[in-house]
Amino acid sequence: MIMLILYRSLFPSKITVDTLFHFHLLHCEIMRATQFHLQKFLKLMSDRFSLSQPKRTISSSSSPRLQSNQKPPIPKTFFKSNSNGALVNLLCKDKKFNEAIEILCEQKRLGEAIQVLDLVDHPNAAMYSTLIQLCLHQRALEEGKRVHNHIKLSSFVPGIFMFNRILDMYCKCGSLVDARNVFDEISERDLCSWNIMISGYAKVGQIKEARHLFDSMPQRDHFSWTAMISGYVRHDRPKDALELYRVMQRHENLNCNKFTVSSALTASAAIQTLHLGKEIHGHILRIGLDSDAVVWSALSDMYGKCGSLEEARHIFDKTLDRDIVSWTAMIDRYFEDGKREDGLSLFSDLLRSGIRPNEFTFAGVLNECADQTAEDIGKQVHGYMMRVGFDLISFAASALVHMYAKCGDIDNARKVFKGMPRPDLVSWTSMINGYAQNGQPHEALQLFELLLKSGTQPDHVTFVGVLSACTHAGLVDKGLEYFHSIKWKHGLTHTADHYACVIDLLSRSGRFKEAEDLINQMPMKPDKFLWASLLGGCRIHSNVELAKRAAEALFVIEPENAVTYVTLANIYATAGKWGEVAKIRKIMDDRGVLKKPGLSWIEIKRKVHVFLVGDSTHPKSREIHDFLGELSKKMKGEGYIPHTDYVLHDVEEEQKEQNLSYHSERLAVAFGIIATPPGTTIKVFKNLRTCVDCHTAIKFTSKIVERKIIVRDSNRFHCFEDGTCSCKDYW
DNA sequence: CTAGGGTTAG
């Protein structure tokens, strides 16, 4: 339609192949253009053609000339023609550089926008301003420096306004050194310059410098105070923040505003002091700031963190102009408090309210799904996100990857990941971890190599995934290589997690000497994860002496954890040291250590079925046990020998006296098989680690019933297929 | 849109 109108108005009497061709080109441009740009484009085109209108009427009789004179000027493409390329080219040809820069900046094409600068003889404040703004927004330090240098070399003399913008840009890009240089260069700093500098320092945690400037500045306004207060809050110094807040209140000429009170509220939430928060709440009511959505959010945050969730909800319900942030905060508050149902129900209220959830909302709900391995809900959220649209470069996208990976749906995780134009480090890490946990350690390592090639800098969390992939793949030396590369190649510091991973790696393969050496020379105290890994390794290789050392360390760190006692007892039992076994039993009784009951669950037709060990409460219990009895016979026929040599079972409270008592995962798997059509993949979740016997039994089961069976235990995913498990018996 | 607050994963 637009094409037709444009065409008629410009070429009322003539259609030639050439003009049609041009219109085809224009059409392509228009189709790519956004609504906003379309208007600009049309205006530009009509300006152009109205100028040459007289010629057009004359030439309507002689078509050849019309074509040569009237050709819409489509110059050689200087700028990428992916969208609005021709428009930008036209604008540049017309020397409308301002507009060209504006359009490129709006499309976040920073590099090209800076290129335009080089075409301009005398760039003006507007151009620089737009560019600096975008650099600031994109946190593009290098580009920002380029523009800054351009300004320095040009004839343009920046005013204080421009200086402050540059200052802010450097601060936001995290380059406080550059910012400080600019700050020191400015001859006539205004209050704003000081405030930008202070908040720059405060934001990155250089509180000392911030405070120094704050103390030495000629005069302060509420911006200065608030910047300082929020700096303290952000960097874990809530007490200093509240102290400053109190001092500020004593200055009568200073008004607390919504920014100040929200920071103060965050501070009292951080030290979990309800009465202080209530005091500030009173203050807020007195000065009438209670209608602000952000203040509300801080208020509800404070009440939530100080243990008054109902009060938080009460305030939430009373707030009239709740924005999406308030909703998100309230929903997440429920999740934090373990109230998944309340959180989800508020989320569905939100969907009904018509307010569009943002990336944070999606991320919050998806992360909850990931924690709960609620893939079903996660998928629904994903579907909703597809309908309303979401940014593929956002928390939400990486939360999706995380959710699928955590739920063991590695295919969907990969699909989302592949769809991301520029996956962030968190997505890479989730994906690597996902592969590692889902029995695809080689894919995990391949992906890590891809990450390095992409130029993204891995961090300490990424290496946890990499090291655990090596562990799962049994690649001990490769793992050690990666471990050392953390320091010498990537300049990162080893964390306790890295040490725990390497100890896991070494002790699983029985290289205890190296493991001990490493423990003795590590710079921090070994944590419980490290000792637990070591203990696990000792169990595999029956290393009684070292197991004792590891267990003793664990008894100090977490005396209440039954797993340690049970594992140690098992190691003693395997070594035939029954006296020691009895001792441990006694210690457990004396200390009142209770074993965590093992439970497994399976979701079928949106209903979750939970099983305890030896459970017979399920309505289909009879069928389940009958099925397991039949299965047991077939398994024995195939060569299955039950593992009953462990006196104290791994982690579950159970006596394996008769075959009638099955571990919860066996029951869940059995139920899955009888409740679904042949061939359906069974997916079972378990809160504890699965035991050797069940692991073997499920391997047989997968072969006998010809099903893919996925069991996610507390450690990892096991994917059983045709008699083997993806973990290759290494877990 | 010259400075400031709340949600923030692996």
Side-chain angles (χ1 to χ4, degrees), chain A residues 105 125-126 129-130 132-134 136-137 158-169 171-172 190-200 202-203 221-231 233-234 256-267 269 289 292-302 304 322-333 335-336 357-368 370-371 394-403 405-406 413 423-434 436-437 458-465 497:
Chain A
C105 282
S129 194
T130 314
I132 294 281
Q133 191 78 26
L134 184 61
L136 182 156
H137 191 248
I160 184 65
F161 203 84
M162 184 63 71
F163 269 127
N164 286 342
R165 265 215 159 143
I166 296 167
L167 197 58
D168 193 33
M169 182 272 295
C171 286
K172 294 264 161 64
D190 61 3
L191 189 53
C192 190
S193 325
W194 285 90
N195 289 338
I196 294 171
M197 204 61 228
I198 288 174
S199 76
K203 270 215 176 101
D221 64 358
H222 61 271
F223 273 102
S224 335
W225 285 87
T226 310
M228 228 24 252
I229 292 172
S230 68
V233 173
R234 248 175 231 240
C256 271
N257 58 18
K258 49 188 184 175
F259 304 105
T260 334
V261 294
S262 347
S263 288
L265 282 171
T266 310
L289 289 173
D292 182 86
V294 176
V295 173
W296 173 82
S297 194
L299 207 49
S300 108
D301 187 46
M302 184 278 294
R322 310 182 275 224
D323 63 359
I324 184 57
V325 181
S326 326
W327 280 91
T328 308
M330 192 69 230
I331 292 169
D332 287 344
R333 198 119 305 131
F335 291 152
E336 271 163 33
N358 66 12
E359 268 69 36
F360 287 103
T361 327
F362 290 137
V365 177
L366 288 172
N367 285 321
E368 179 67 13
D371 288 346
S394 68
F395 286 136
S398 56
L400 264 180
V401 176
H402 171 54
M403 184 274 294
K406 197 83 188 284
D424 61 348
L425 185 60
V426 174
S427 305
W428 281 100
T429 307
S430 299
M431 209 56 226
I432 290 170
N433 257 322
Q437 284 188 345
D459 71 0
H460 65 280
V461 191
T462 319
F463 278 105
V464 174
D497 284 341

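In what follows, every heavy atom counts, from backbone to side chain, and hydrogens, waters and symmetry copies are set aside.
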Base contacts versus sugar-phosphate-only contacts with protein, heavy atoms under 4.0 Å: please encode nucleotides 3-10 of chain B as B, S and - from 5' to 3'. BBBBBBBB

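- Contact record, A:Ala396 with A:Phe362: CB-CB, 3.8 Å, taken as the closest heavy-atom pair.
- Only the P atoms considered, B:dG5 is 13 Å distant from B:dC1, to the nearest whole Å.
- What you find for A:Val401 and A:Ser430 is that their closest heavy atoms are CG1-CB, 4.0 Å.
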Start with the C-alpha distance between A:Asp332 and A:Asn367, add both sets of side-chain angles, then the distance that settles side-chain hydrogen bond (donor to acceptor under 3.5 Å, both in side chains), and finish with yes or no. CA-CA 10 Å; A:Asp332 287 344; A:Asn367 285 321; over 6 Å; no

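- Listed by chain and number, the residues in a side chain to side chain contact (heavy atoms under 4.5 Å, CB included) with A:Ala202 are A:Ala210 (sequence neighbours excluded).
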Where do A:Ser326 and A:Ser297 land on the side-chain hydrogen bond (donor to acceptor under 3.5 Å, both in side chains) test, with the steps shown first? CA-CA 5 Å; A:Ser326 326; A:Ser297 194; 5.4 Å; no

